[in-house]
Amino acid sequence: TNTASGSVTVNAVPNSAIASIPPICSTSPPTQLNAVNTGGVWSGGLYISASGIFNPSISGQGIFPITYTITNPGTGCSSSTTANVNVLPGPNPGILPQAPICYNNGDITLIPYTPGGTFSGGTYITPGGSFSPTTSGVGNWPVTYQVSGSGGCVAQSTSYVTVLALPNVGITPPPSYCSNDNVQVLEGIPVGGMWIGNPFVSITGLFYPSQAGPGIYPVKYIASLPNGCSDTADVIIQVNQAPNATINPAGPFCANEPPFQLSAATNGGFWTGGSYLTGSGMFFPGLAAVGGNLVQYTVTDISTGCTSTASSNITVLGVPNVQIAPAGPFCKNDPVTNLIANIPGGVWFGGNYISGFGSFNPMYANIGQNLITYTINANNGCVSTDSSFVLVYGVPDASFSTPPIVCENDPPVTFTPNTPGGFWTGGPYINNGTFLPSVAGVGSWPVIYSIIDTNGCKNQSGQNIFVEAAPIANWSYQPNALQVT
């Protein structure tokens, strides 16, 4: 029997003890597990990495085994320790999805899945979850929510709120309008928006000043971007009262009436129409056509620049074209003559030398020109008048002087007329103005003197010449005297 002896070395195994693992919340971030001695390898499942990082989001809640194995490289001795990780259920820190909001949306309240936590992220979010887009501005903005659950588990998550840009909305400033303006087109930026706020503005931006009337009218323009965001712009539209250009009623006029000054409700404008109308509104019926004649009046309010125009038709009535037929000249001693006109039925005027029926008496007329007027009334109420002058000549003086007594034995007596150049008539006892008593004899004998002047006017005068008998001279012889008887 042989016996051999030797020594056996028993090496100590390395200490693979795992440090105490407190419960981990399922919502906690990955956690580094620790062992007494480092350098080993961790194993157990997908929830644990070889370096010992435990990920509760992979494991979920529950109890999960993990193993730590360490080897002494000098001795080759290894040791393993298995422990359980208790993953507690954590609160859900998620935030309900929030659709993008517009910059002018107003504050919104974010809603978490688990209430009771606190929001953070910036001045645009309150701890209670009120998000202000006007504070944040346009962009994507992080919001963090942290909440505690049972078992002391605390969870947080970060979401983003998108704030969308607004359109750059504006209105081209409109001018002041007048209450009689036609429809006006308002201009908004960008195009394609909608107009609201006033019953006199269509949604397409057509403004009706004549319907609106004088006043102040606020309107609003709304425009949108493809992102769905819209914004508004406001403007005040002023409508000024247009002046009242109403033409005061005038006419109808007769064509022979004198000029008439037209007038309107508002002074200071100007008139147009035709040659029958001046710019100041003087209407000349005699230059207008028989019938309707257009007149227009335009007036401007210098304080607002508003202009109004009114039109009217002024009626001119026709008048008969009355004309007095030429008459005269007459001599003062001519008989009464009936004057005539081309249209009968009128009335004559002038003086005591003309009757209403047109009987002209030269005896009562003045020597020279005598005005006569003829007037006739038409069926339309118009009066037509024509005037004329009738010339009346004076008659020559046909008077002559005679001796008071003519004896039958007187020599011829020559009569002297006041106007020479006439001729004598009466009988054989008168010869060219010489009266022959011896021819006439005793008695009363008419002598007539007639004369025609250069105007053709005639006159005559007559006298009876008394021829006395000549006394008879008888004588006889007496012794004592000569006696004549």
- Task: Show your reasoning for whether ring pair (Phe, Tyr, Trp, His ring centres under 6.0 Å) applies to Y353 and F360.
- Result: CA-CA 6 Å; Y353 47 82; F360 182 81; 5.8 Å; yes
- Go through N240 and D301 one step at a time and tell me if the side-chain contact (heavy atoms from CB on, under 4.5 Å) criterion holds. CA-CA 10 Å; N240 296 315; D301 186 337; over 6 Å; no
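- Side-chain polar atoms of T373 and S387 form a donor-acceptor pair below 3.5 angstrom.
- Taking the six-membered ring for Trp and the full ring otherwise, the centers of F200 and F207 sit at least 6.0 Å from each other.
- No hydrogens or angles considered: a donor-acceptor pair under 3.5 Å links the side chains of T309 and T298.
- Dense packing is recorded around CG of L206, with more than 12 heavy atoms of other residues, nucleotides or ligands lying under 6.0 Å away.
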Under 3.5 Å, sequence neighbours excluded: what are the donor-acceptor pairs made by side chains of residues 246-261?
| unit_1 | atom_1 | unit_2 | atom_2 | d |
| --- | --- | --- | --- | --- |
| T246 | OG1 | N244 | OD1 | 2.6 |
| N248 | ND2 | S263 | OG | 2.8 |
| N256 | ND2 | V383 | O | 2.5 |
| E257 | OE2 | C254 | N | 2.8 |
| Q261 | NE2 | S280 | O | 2.8 |
| Q261 | NE2 | G281 | O | 3.4 |

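- The closest side-chain heavy-atom distance from Y374 to L339 is not below 4.5 Å.
- Neither side chain, S399 nor S461, offers a donor N or O lying under 3.5 Å from an acceptor on the other.
- With ring centers used as reference points, F131 lies 6.0 Å or more from W141.
- By the 4.5 Å heavy-atom criterion applied to side chains, V390 and I354 are not counted as neighbours.
- Between T402 and Q463, the side chains place a donor N or O and an acceptor N or O closer than 3.5 Å (distance only, hydrogens not considered).
- A donor atom on one side chain and an acceptor atom on the other are not found under 3.5 Å apart for S210 and N180.
- You'll find the side chain of S202 stays beyond 4.5 Å of the side chain of W195, heavy atoms only.
- Taking a 6.0 Å sphere around CG of N140, one finds it holds more than 12 heavy atoms contributed by other residues, nucleotides or ligands.
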Only distances under 3.5 Å count here; give the side-chain donor-acceptor pairs of residues 90-103 to other protein atoms, sequence neighbours excluded, each with its distance to 0.1 Å.
| unit_1 | atom_1 | unit_2 | atom_2 | d |
| --- | --- | --- | --- | --- |
| N92 | OD1 | G94 | N | 3.0 |

- Task: For W424 and I448, run side-chain contact (heavy atoms from CB on, under 4.5 Å): C-alpha distance rounded to whole Å, both residues' side-chain angles, the deciding distance at 0.1 Å, then the answer.
- Result: CA-CA 6 Å; W424 302 83; I448 299 171; over 6 Å; no
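- Ring-centre distance between Y145 and F119: below the 6.0 Å cut-off.
- The number of heavy atoms from other shown groups lying within 6.0 Å of NZ (K458) does not exceed 12.
- A side-chain N or O of T144 and one of T158 form a donor-acceptor pair less than 3.5 Å apart.
- Two residues are said to be in side-chain contact when any heavy atoms from C-beta on lie closer than 4.5 Å; I405 and F466 fail this criterion.
- Residues N182 and Q184 have side chains that never bring a donor and an acceptor to within less than 3.5 angstrom of each other.
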